[in-house]
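Structure first, then comments.
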Amino acid sequence: MEIVKKIAKWLGILLLVLVTAFLLIGLIPVPNDGYPSSPEPMGSYEASASRVNAILEEEMPITNETSRSIFFDTGERTDEVYVLIHGLTNAPKEFAELGGLLHDRGHNVIILRMPYHGLKGLDIKELDPLTADDIRTYADEVVDIAAGLGENITVIGISGGGAAAAWIAQNRPEVQRVVLLNPFFGLAQMPMFLDPIIMNALLRLPDLSISREPKPNRHWLYSGESGNGAAVFMSLGQSVLEKAKMEPPEVLEMLILTSASDLAVDNDWADRLATEWQDQGARVQTYEFAKDLDIPHASIDPFTAAQKRQLVYDQIFAWLNE
């Protein structure tokens with residue numbers, strides 16, 4: 001019994017040392033350039049459609065068949081074009097249903113796969129090399145492509161894709177409207193002041209990934225958690241929050257949808273961003289689904305109950321006047 005007590009004591013000391021080291025590493029901010037935009041908007045439908053088709057070709061040998069980019073194409077430039085951005089560890093299939101509904105209304109829709117997502121191995125460790133610069137470059141490109149596909153651009157992003165959509169709202173004047181759906185700026189059930197500390201530590205340490213067995217009914221996404229992936233999207237999102245304190249967003253019409261049942265992200269960050277944008281003169285509408293509706297974080301994923309997905313779609317379409 002005495003040996004057990006000694007082992008427990010030393011394990012406790014070791015855990016305390018590790019936690020202290022983690023926090024100390026996290027207290028030192030990871031420098032970045034603020035993730036500025038490098039816009040190169042395309043000027044024609046033909047150029048944009050050609051670029052999307054080239055992306056689809058490039059993906060063929062390296063991606064899982066059900067995880068590839070999706071292009072709902074009308075065959076011509078449309079008045080409205082939609083850019084849908086999937087979440088961390090997910091894939092374009094997450095938005096396939098909504099994209100189809102928008103296409104049925106006569107719009108061009110692009111749902112491009114984010115970097116290092118949807119690769120053939122479906123291994124969460126594929127996200128180890130991902131950086132916030134990668135997501136910034138991706139976000140610039142989807143807007144550049146959309147500029148040739150339609151007159152008015154609307155961007156809808158969920159979770160990590162919501163952080164990317166927030167970056168677009170702050171930086172790309174070519175876009176008219178942005179919808180943030182359960183945007184990921186910080187971790188749920190965690191004091192807000194700890195999020196930047198955790199982010200800094202995760203960006204500095206070797207990637208802490210947790211793999212899980214793939215779920216047969218969700219074969220388009222990575223199963224598990226990526227510490228680096230989470231930190232990357234937090235870094236991009238936090239950069240938007242910092243910039244929003246100093247200057248107005250380039251997009252002035254935003255809808256932010258959150259759920260009181262969300263167990264993945266901290267909705268307080270979304271509320272703070274809404275306030276910052278409103279203070280800068282943007283027209284920001286917010287709506288939180290009540291807890292008794294039990295709308296999950298992955299609210300529009302194919303595995304989420306149809307009636308819950310429809311509640312989310314109803315809010316989006318009402319705001320879009322679709």
Side-chain angles (χ1 to χ4, degrees), residues 26-41 83 85 88 130-144 146-147 153-187 190-204 230-258 265-288 319:
L27 285 170
I28 305 170
V30 175
N32 63 65
D33 63 357
Y35 309 120
S37 176
S38 299
E40 295 182 6
V83 175
I85 306 178
L88 171 63
L130 183 69
T131 68
D133 285 323
D134 292 326
I135 302 303
R136 179 255 309 272
T137 300
Y138 163 89
D140 260 338
E141 181 171 35
V142 294
V143 175
D144 290 343
I153 303 172
T154 298
V155 176
I156 305 175
I158 185 170
S159 187
W167 179 90
I168 288 170
Q170 189 67 42
N171 291 280
R172 293 301 302 258
E174 298 88 349
V175 175
Q176 279 69 48
R177 300 177 297 185
V178 169
V179 178
L180 309 184
L181 181 55
N182 301 333
F184 177 40
F185 303 117
L187 301 167
M190 189 71 64
M192 291 177 76
F193 77 89
L194 280 179
D195 281 317
I197 296 173
I198 293 170
M199 176 191 74
N200 290 328
L202 289 175
L203 288 173
R204 281 200 166 89
V232 161
F233 284 98
M234 288 170 72
S235 180
L236 190 72
Q238 291 292 324
S239 77
V240 175
L241 283 151
E242 287 301 311
K243 192 172 181 180
K245 294 176 184 177
M246 300 178 289
E247 57 188 78
E250 294 290 351
V251 180
L252 295 180
E253 290 193 38
M254 271 82 75
L255 170 66
I256 302 178
L257 294 178
T258 57
V265 303
D266 186 346
N267 293 335
D268 289 341
W269 285 112
D271 293 340
R272 179 174 293 185
L273 181 59
T275 299
E276 298 289 359
W277 276 344
Q278 288 166 345
D279 288 346
Q280 295 286 359
R283 296 180 293 277
V284 184
Q285 180 176 328
T286 62
Y287 183 87
E288 182 174 83
W319 186 75

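Remember, it's a predicted structure, so these values are computed and weren't measured experimentally. Heavy-atom basis, side chains included; hydrogens, waters and symmetry copies ignored.
- Minimum heavy-atom separation, Met246 to Gln280: C-NE2, 3.5 Å.
- With hydrogens and angles ignored, the 3.5 Å screen pairs no side-chain donor or acceptor of Arg136 with any backbone N or O of Ser37.
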Practice task
List the steps and the verdict of side-chain contact (heavy atoms from CB on, under 4.5 Å) for Leu130 and Ile135.
Solution key: CA-CA 8 Å; Leu130 183 69; Ile135 302 303; 3.8 Å; yes
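- Across every non-hydrogen atom of Ile256 and Ala274, the tightest pair is CD1-CB, 3.8 Å.
- The CZ atom of Arg177 lies 11.5 Å from the CD1 atom of Ile153; values are rounded to the nearest 0.5 Å.
- In this structure Glu242 satisfies the side-chain hydrogen bond (donor to acceptor under 3.5 Å, both in side chains) test together with Lys245, sequence neighbours excluded.
- In this structure, Val251 and Val155 have side chains that are not in contact, with every pair of non-hydrogen atoms separated by 4.5 Å or more.
- Between the side chain of Ser235 and the backbone N or O of Ala231 there is no donor-acceptor pair closer than 3.5 Å.
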Let me check something: any side-chain donor-acceptor pairs from residues 190-197 under 3.5 Å, sequence neighbours excluded? List them with distances.
unit_1	atom_1	unit_2	atom_2	d
Asp195	OD1	Leu187	N	3.0
Asp195	OD2	Trp269	NE1	2.7

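- Between the CG atom in Leu255 and the CG atom in Leu180 there is a gap of 8.0 Å [rounded to 0.5 Å].
- In terms of the side-chain hydrogen bond (donor to acceptor under 3.5 Å, both in side chains) criterion, residue partners of Glu141 (sequence neighbours excluded) are, by chain and number, Arg51.
- Between Ile85 atom CD1 and Ile156 atom CD1 the span is 10.0 Å, to the nearest 0.5 Å.
- Closest heavy-atom contact between Asn32 and Gly34: OD1-N, 2.7 Å.
- Counted by atom type alone, Thr131 and Asp134 present one or more donor-acceptor pairs between their side chains at under 3.5 Å.
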Could you pull out every donor-acceptor pair under 3.5 Å between side chains of residues 161-175 and any protein atom, sequence neighbours left out?
unit_1	atom_1	unit_2	atom_2	d
Trp167	NE1	Tyr35	O	2.7
Gln170	OE1	Trp277	NE1	2.7
Gln170	NE2	Glu247	O	3.2
Gln170	NE2	Pro248	O	3.4
Asn171	OD1	Lys243	NZ	2.6
Asn171	ND2	Trp167	O	2.8
Arg172	NE	Glu174	OE1	2.9
Arg172	NH1	Asp140	O	3.2
Arg172	NH1	Asp140	OD1	2.7
Arg172	NH1	Asp144	OD1	3.2
Arg172	NH2	Asp144	OD1	2.7
Arg172	NH2	Glu174	OE1	3.4
Arg172	NH2	Glu174	OE2	3.2

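- Sorted by first and then second residue, the salt bridge (charged side-chain N to carboxylate O under 4.0 Å, His left out) pairs involving residues 265-276 (not counting sequence neighbours) form an empty list.
- Take Thr258 and apply the side-chain hydrogen bond (donor to acceptor under 3.5 Å, both in side chains) test, not counting sequence neighbours, and it matches no residue.
- The closest side-chain heavy-atom distance from Val83 to Val143 is not below 4.5 Å.
- Here the shortest heavy-atom pairing between Met199 and Met234 reads SD-C, 3.7 Å.
- Distance check: Phe185 CZ to Leu273 CG gives 5.0 Å after rounding to the nearest 0.5 Å.
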